[in-house]
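Worksheet: the structure to be examined is printed underneath.
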Amino acid sequence: MTLLIIAYLGGVLTILSPCILPILPFVFARAGQPFIRSTLPMLAGMAATFALVATLAAVGGSWAIRANEYGRLAAIVMLALFGAGLLSPRFASTLARPIVDLGNNLVNANSAGRAAPTVRSALILGVATGLLWAPCAGPILGLVLTGAALKGANLQTTFLLIAYAAGAATSLAVALLLGGKIFASMKRSLGFGDRIRQLLGAAVLAGVAVIALGLDTSLLARLSYASTASLEQAVLDRLHAKPLGGASSELASSDATIVAADAKKPFRSDLPVEGYAPSLDGAVEWLNSKPLTKEQLQGKVVLVDFWTYSCINCIRTIPYVRAWAEKYADQGLVVIGVHAPEFAFEKKIDNVRKALSDFQIGYPVAIDNDYKIWRAFENSYWPAAYLIDAKGQIRYHHFGEGNYGRTEEAIQDLLHEAGSQMTAAAPVAPDAKGVEAAPDLGNIRSGETYLGYEQAENFESPEAPGLNAWGLSGTWTVGKDQATLDQPGGAIAYRFSARDLHLVLGPGASARPIRFQVTIDGKPPGPDHGSDIDADGNGTVTATRLYQLVRQSGTVAARNFEVRFLDPGVQAYAFTFG
């Protein structure tokens with residue numbers, strides 16, 4: 001009985017949740033109609049349908065999932081017709097006769113040529129609403145659904161779900177009664193009942209759109225959990241509720257985690273199994289560690305990060321990978337960088353070793369010059385992250401930079417699954433500076449540009465290049481993946497639009513330092529200089545790596561960039577932007 005009361009009160013509290021907003025238009029569209037013949041059947045249909053669908057979901061069969069999806073699709077279509085009928089009574093006349101009858105039954109307003117409200121039409125509307133209603137899983141609904149997930153479909157969980165839905169129906173009924181009086185007063189005093197009807201129709205269509213796009217279970221759900229969780233927890237604490245059956249689990253819904261307390265049942269992450277991780281054999285050398293094998297990593301959570309040291313996307317990811325390696329090392333996380341070169345100079349192990357020092361990377365790095373590990377993972381991206389659980393199974397992957405919060409959540413999940421007892425902590429927030437800083441995505445209008453003939457594009461005269469075009473002046477030899485300056489005084493010009501401009505440069509075979517000067521719109525860069533030059537635009541190529549030459553400090557605009565080399569022999573590979 002206590003759990004039934006708690007479930008009912010949890011349903012009542014849903015009226016305070018923003019996630020109730022998408023279905024309010026369907027409910028208030030019945031405002032002003034008889035309570036017994038219209039409001040009560042609609043709310044009863046909604047409560048019964050929600051309880052039935054939630055009970056079937058506990059079974060977990062694919063047939064139940066497909067049935068629910070088809071039901072939701074039918075409900076969306078039905079309610080869209082209902083909203084269109086409210087918005088424009090003439091709309092029904094353009095449709096076939098069965099749809100006309102359905103629209104008339106659902107709209108069901110007291111006007112010429114239409115019947116009085118019926119129990120049937122209200123019940124149909126309630127069933128459709130119940131199929132679409134996705135209440136936010138706060139502590140109380142989490143308690144009910146946890147029991148349903150553990151024990152399957154049974155009368156106890158069905159009654160609890162009915163109690164929860166009845167609580168929601170009660171609070172909606174009160175709101176509808178009050179709203180009906182307000183609408184009736186507006187019709188009498190303002191005299192534009194048709195306008196109110198059209199506004200309700202627009203609101204119904206907006207609600208259908210919100211649900212069809214999934215916004216009701218994303219943004220609104222996150223807002224809802226935060227607004228009612230404290231009230232629901234107070235109800236649980238006051239009535240001393242216990243989990244169903246004394247069992248435990250963790251139920252994740254709407255980005256909130258509801259924990260039922262039985263430490264005896266091990267935590268199991270819901271991350272899917274993507275297959276067993278391949279061997280790390282094939283590296284030509286290991287840095288920062290002796291070679292690591294699958295057997296040595298058994299029982300550990302492993303993050304495998306494919307990268308290459310001159311790739312700007314990889315460089316911007318490094319602060320997060322480095323922070324995870326430090327934060328979770330004591331909890332059982334092993335981070336392994338797999339360095340797979342893009343350019344020939346990145347195959348030089350001394351270059352990689354220097355990059356590890358420059359980027360302060362202390363975790364193990366496998367040198368994959370022959371791409372054996374790359375092919376074993378069937379990888380195609382820089383950077384690429386693969387998370388492997390304690391059993392050696394790949395459970396998560398992410399390609400490219402970004403999505404750091406979700407990746408860290410996946411790390412925490414697999415560590416918990418492996419038995420870590422770490423307490424909750426805020427996600428890492430590395431203080432990335434210079435070339436490691438995140439890109440200004442809103443202002444990037446220029447893309448990666450190669451200078452070697454194999455992938456070169458947009459080559460134009462250096463005197464007046466168009467946006468994203470570039471040119472060479474002086475004596476150059478253009479190779480497959482780079483351009484080499486043969487005589488001093490040569491230059492590269494590029495018209496770009498981005499906050500940051502980077503250029504991969506190297507001193508060539510001589511390895512002697514090469515001086516250069518940068519100008520922006522024909523002038524020294526001043527406050528717009530990058531981290532590898534000074535305000536006058538002076539810099540030196542000392543190693544083959546990515547150089548940050550421009551970081552616009554003010555409003556980002558299209559600019560003319562030029563770098564002029566005072567010494568011969570420089571090798572230029574690729575422009576990147578941020």
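Atoms CG and NE2, from D534 and H529 in turn, are 7.5 Å apart once rounded to the nearest 0.5 Å. From Q517, atom CD reaches atom CG of L566 across 5.0 Å, with rounding to the nearest 0.5 Å. A distance of 3.0 Å separates OG1 of T449 from OH of Y494, quoted to the nearest 0.5 Å. Distance check, rounded to the nearest 0.5 Å: CG of D567 to CD of Q487 gives 12.0 Å. Going from atom CG of N468 over to atom CG of N458 covers 6.5 Å, rounded to the nearest 0.5 Å. Taking CG from L415 and CE from M422, the interatomic distance works out to 4.5 Å, rounded to the nearest 0.5 Å.
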Assess the residue pair D358 and Y309 against the criterion (side chain to side chain donor-acceptor pair (under 3.5 Å)); give the C-alpha distance rounded to whole Å, side-chain angles, the decisive distance to 0.1 Å, and a yes or no. CA-CA 10 Å; D358 291 342; Y309 79 82; over 6 Å; no
What verdict does the salt bridge (Lys or Arg N to Asp or Glu O under 4.0 Å) test give for R559 and D528, after you've listed the backbone C-alpha separation in whole Å, the side-chain angles of each residue and the deciding distance to 0.1 Å? CA-CA 11 Å; R559 310 289 291 272; D528 294 333; 3.4 Å; yes
May I have the step-by-step check of side chain to side chain donor-acceptor pair (under 3.5 Å) for T308 and E342, ending in yes or no? CA-CA 7 Å; T308 186; E342 180 179 10; 5.9 Å; no
Could you walk me through whether E274 and Q393 pass the side-chain contact (heavy atoms from CB on, under 4.5 Å) test, one step at a time? CA-CA 7 Å; E274 301 178 8; Q393 303 169 125; over 6 Å; no
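Here the shortest heavy-atom pairing between L451 and A572 reads CD2-CB, 3.6 Å. Contact detail for K480 and Y453: the closest heavy-atom pair is N-CE2, 3.1 Å. Scanning both residues, L485 and G490, for their nearest heavy atoms gives CD1-CA, 3.6 Å. Residues F343 and S310 approach most closely at CD1-OG, 3.9 Å, considering heavy atoms. When every heavy atom of G466 is checked against every heavy atom of R495, the shortest pair comes out as O-CB, 3.5 Å. In terms of heavy atoms, S420 sits closest to Q331 at OG-OE1, 2.7 Å.
In this structure the side chain of N288 never reaches within 4.5 angstrom of the side chain of Y363, judged on heavy atoms. The closest side-chain heavy-atom distance from S269 to R395 is below 4.5 Å. Counting heavy atoms from C-beta outward, R564 and S473 have side chains that approach closer than 4.5 Å. Taking 4.5 Å as the limit, every side-chain heavy atom of Q571 sits out of range of all side-chain heavy atoms of T544. In this structure the side chain of I373 reaches within 4.5 angstrom of the side chain of F306, judged on heavy atoms.
Other residues, nucleotides and ligands contribute more than 12 heavy atoms inside 6.0 Å of the NZ atom of K327. Other residues, nucleotides and ligands contribute at most 12 non-hydrogen atoms within 6.0 Å of the OH atom of Y276. Atom NZ of K300 has 12 or fewer heavy atoms from other residues, nucleotides or ligands within 6.0 Å. R445 CZ: 12 or fewer foreign heavy atoms inside a 6.0 Å radius. Within 6.0 Å of the CZ atom in R406, the count of heavy atoms belonging to other residues, nucleotides or ligands exceeds 12.
Relative orientation of the W374 and Y371 rings is perpendicular, given thresholds of 30° and 60° on the angle between their planes. Ring pair Y381/F399 is parallel by interplanar angle, where below 30° counts as parallel and above 60° as perpendicular.
Residues meeting the ring pair (Phe, Tyr, Trp, His ring centres under 6.0 Å) test with W307, sequence neighbours left out: H339. Legend: residues meeting ring pair (Phe, Tyr, Trp, His ring centres under 6.0 Å) with Y320, ordered by chain and number and at least two apart, are Y404. Residues that satisfy the side chain to side chain donor-acceptor pair (under 3.5 Å) test with E285, not counting sequence neighbours, are R353.
A salt bridge does not link D500 to R316: none of the charged nitrogens lies less than 4.0 Å from a carboxylate oxygen.
Panel note: side chain D532, backbone L549; no donor-acceptor pair is recorded below 3.5 Å.
In this structure, F345 has its ring center closer than 6.0 angstrom to the ring center of Y573.
Remark: the N379 side chain and the Y386 side chain contain an N/O donor-acceptor pair separated by less than 3.5 Å. Between Q548 and S531, the side chains place a donor N or O and an acceptor N or O closer than 3.5 Å (distance only, hydrogens not considered).
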